[in-house]
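Below: the structure, in structure tokens.
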Amino acid sequence: MAPRGMVTSPHALASQAGLDILRRGGSAVDAAIAVTSTLAVIYPHMTGLGGDAFWLIHDPASGRVRYLDGGGRAAANARPQWFTDRGHKEIPFRGILPATLTTPGAVASWVEAHKAYGRLSLADDLRSAHDYARDGFPVTERLAGWIERTRDELSMHPESAAIFLPGGQVPRAGSLLANPDLARTIALLGEQGHDGFYSGAVGRSLAAFSESRGGFFRREDLQAQTARWGEPIKGQYRDVTLYETPAPTQGFTVLQMLQLLEPCELHAREPLGADHVHFMVQAKQISYHDRDRYLADPLFSEVPIDRLISKDYAAQRRALMDPVRALPWDRIPSYGSLKGDTVYIAVVDAQGQAVSLINSLYGVFGSCVVAGDTGVMLQNRSAYFSLDPSHPNVVAAGKTPLHTLIASLAYRNDKLWAVVGCMGADGQPQIHAQTYVNLIDHGRNIQEAVEAPRWLSGRFALGEARDTLHIESRFDPAVIAELERRGHVVDRWGAFEELAGHAHGIVIDPQTGMRYGGSDPRSDGAAAGY
């Protein structure tokens, strides 16, 4: 807890970088840029300058919540026929095709947010990231483990292997890893802003690399990438108003899940009991079924968000929920994958400005492709596009794919109360809902809420049932046995399973204004305040 500023993220050094900015008089936005750019260097398996980002910003002067869309858009030459003509049934998960099908969107959002709310220079915000890239950063056990697991895919690309497999070896935990090319890219971004990344030397290098490797984006695609301000979506759960990121992100599923759950009165049921899990899993299945039918880029398709998060629609869909038996997947099918890695950052400054920010490459190390001499790992988010011409999420030029990335803010009595988010691809809405139920229904503090035993419904790999219920072993064995009796296909995890996602958050005491920060022990993170 701290009385002025608070930062939380999945890496302690990144949280410290944000805290340093707050102490120097920077805004919450300045600090968030410091944290996310530092994570792009020192947590490279989870995020990077080549990824996308989505923001919710609480403006204390107006009380307004602002949404900023930093999603990368498909290149001008993107079309489904390109893939189907070459025998692809879906967009590949790795390699140059997903790496370049959409442009990096996160950096444009950093610049736009800074333009609106920065108090320090952009170069100041990026200094920690630059220095770690230039001088080296410590390899954690988690990072070493993910490099080992992704070794074969990284080694296929010389630029990636040169950084992450020095001398052809997985760096040991405690060693230093540097990325001097990325340091030069960050320096140009700090000096020149948008043009320092999307045009000039860096933009030319990104475009030349894409063209030389048979990729999609060109200089014109990069220069056209901007971040867009928009309106968040909001819903009510008991006495809390929740804001989530809108389409093309899946934020509406959190609001729909909570609308489905409210009459179940989870506050009157056993915390972490069988009913608690059983009803939440069914709410997830129903909302994800709707997500897969409707969610896409709203600039290209009509997404009926108001109807999907309404109480009337929830009442209609709640009729599908079964209090006794698990809902079989083939009755309420949903797709997607729980695979995917992301960083979430929460910041509140001394003036009360708050940032809820999600930044990602999608898969572990994204596409596994580092773009030439830029040091930038490119994302693979475009793998989420459909190739079905009749689907609203079909790939098209200038379009942003369906995004699993979401961020949230919560209010009580019209006052900012909580800043909450997580990583975890399709697991994110499930983790949002579990965290808020822990906070609202069961009165947990923010650390207890993010540290509580967790479950995720869905599959991580081919061969698993699509409705597999992965559940941490800290749940009461009798609860797990009861869930199996009700027909859930259970996969028992260990006590603290990293695949269950990293959740982080800040709660503000309404009487004292004290900031309480929580950080997920499944990550390398920390909450830091002053």
Side-chain angles (χ1 to χ4, degrees), residues 52 54 71 74 80 83 89-91 93 98 102 233 235 244-261 280-310 313-314 316-321 326-340 342 360 362-363 380-396 399-406 424-433 456-462 464-470 489:
D52 290 346
F54 295 90
F83 294 93
K89 294 183 179 179
E90 58 186 22
I91 295 169
F93 188 72
T102 57
I233 57 175
E244 291 275 347
T245 49
T249 85
Q250 61 178 338
F252 87 87
T253 58
V254 181
L255 303 180
Q256 186 180 8
M257 287 172 69
L258 293 173
Q259 293 281 20
L260 288 164
L261 289 167
M280 291 187 77
V281 168
Q282 293 188 54
K284 172 263 175 182
Q285 290 175 280
I286 293 167
S287 61
Y288 278 43
H289 179 69
D290 285 338
R291 181 199 71 170
D292 294 343
R293 288 192 293 170
Y294 298 115
L295 188 57
D297 187 337
L299 297 179
F300 287 74
S301 304
E302 183 178 350
V303 185
I305 293 292
D306 289 344
R307 178 168 69 89
L308 291 169
I309 63 175
S310 71
Y313 185 71
Q316 173 191 333
R317 296 290 276 167
R318 195 178 298 111
L320 294 167
M321 296 175 71
L327 286 178
W329 182 88
D330 56 3
R331 184 180 175 198
I332 309 291
S334 62
Y335 295 86
S337 168
L338 292 173
K339 290 197 299 185
T342 301
S360 177
Y362 179 34
N380 60 335
R381 180 61 59 175
S382 62
Y384 245 97
F385 273 128
S386 172
L387 296 180
D388 178 357
S390 66
H391 196 282
N393 189 43
V394 65
V395 63
K399 190 174 185 178
T400 305
L402 179 160
H403 258 278
T404 57
L405 300 183
I406 54 176
D426 285 312
Q428 288 184 45
Q430 304 178 56
I431 300 168
H432 275 227
L456 288 183
S457 169
R459 74 180 185 186
F460 280 89
L462 293 175
E464 286 184 345
R466 290 188 181 272
D467 53 357
T468 300
L469 176 57
H470 309 271
V489 180

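A distance of 5.5 Å separates CD1 of I286 from CE of M321, quoted to the nearest 0.5 Å. Atom CD1 of I332 and atom CD of Q285 lie 7.5 Å apart (nearest 0.5 Å). Residue R318 holds its CZ atom at 11.0 Å from CD of Q316, rounded to the nearest 0.5 Å. Going from atom CG of D290 over to atom CD1 of I309 covers 12.5 Å, rounded to the nearest 0.5 Å. Rounded to the nearest 0.5 Å, atoms CE (M280) and CE (M257) are 5.0 Å apart. L255 contributes atom CG, which lies 10.5 Å from atom NE2 of H432 (distance to the nearest 0.5 angstrom).
When every heavy atom of Q256 is checked against every heavy atom of L308, the shortest pair comes out as CG-O, 3.5 Å. Looking at every heavy atom in both residues, P246 comes nearest to I233 through CB-CG2, 3.8 Å. For L320 against R331, the heavy-atom pair with the smallest separation is CD2-NH2, 3.9 Å. Nearest heavy atom pair, residue Y335 against residue D426, reads O-OD2, 4.3 Å. In terms of heavy atoms, H470 sits closest to G458 at NE2-O, 2.7 Å. The two residues L405 and T249 have their closest heavy-atom pair at O-CB, 3.0 Å.
Counting heavy atoms from C-beta on, the side chains of R466 and P333 never come closer than 4.5 Å. The side-chain heavy atoms of L387 and I91, taken from C-beta on, include a pair separated by under 4.5 Å. In this structure, the side chains of R459 and W329 stay at 4.5 Å or more apart for every pair of heavy atoms. Residues V395 and S382 have side chains not in contact (no heavy-atom distance under 4.5 Å, counting atoms from C-beta outward). Here the side chains of K399 and V394 are in contact, with some heavy-atom distance below 4.5 Å. Using a 4.5 Å heavy-atom threshold, the side chains of T102 and F385 count as touching. Within the 4.5 Å cutoff, the side chain of L456 has heavy atoms near those of the I431 side chain. You'll find the side chain of T245 stays beyond 4.5 Å of the side chain of H403, heavy atoms only.
Side-chain atoms of T400 and R381 form no donor-acceptor pair, as typed in the model, at a separation below 3.5 Å. For the residue pair S360/T342, the side-chain donor-acceptor check at 3.5 Å is satisfied.
No more than 12 heavy atoms of other residues, nucleotides or ligands shown are found within 6.0 angstrom of CD on E90.
Put simply, the side chain of H391 gets close to the backbone of D292: a donor and an acceptor are under 3.5 Å apart. Formation of a donor-acceptor pair under 3.5 Å by the D467 side chain with backbone atoms of P328 is not found in this model. Side-chain N or O atoms of E244 include none that pairs as donor or acceptor with a backbone N or O of I406 at under 3.5 Å.
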With side chain to side chain contact (heavy atoms under 4.5 Å, CB included) as the test, would you mind laying out the steps for Q259 and S287 before giving the verdict? CA-CA 10 Å; Q259 293 281 20; S287 61; over 6 Å; no
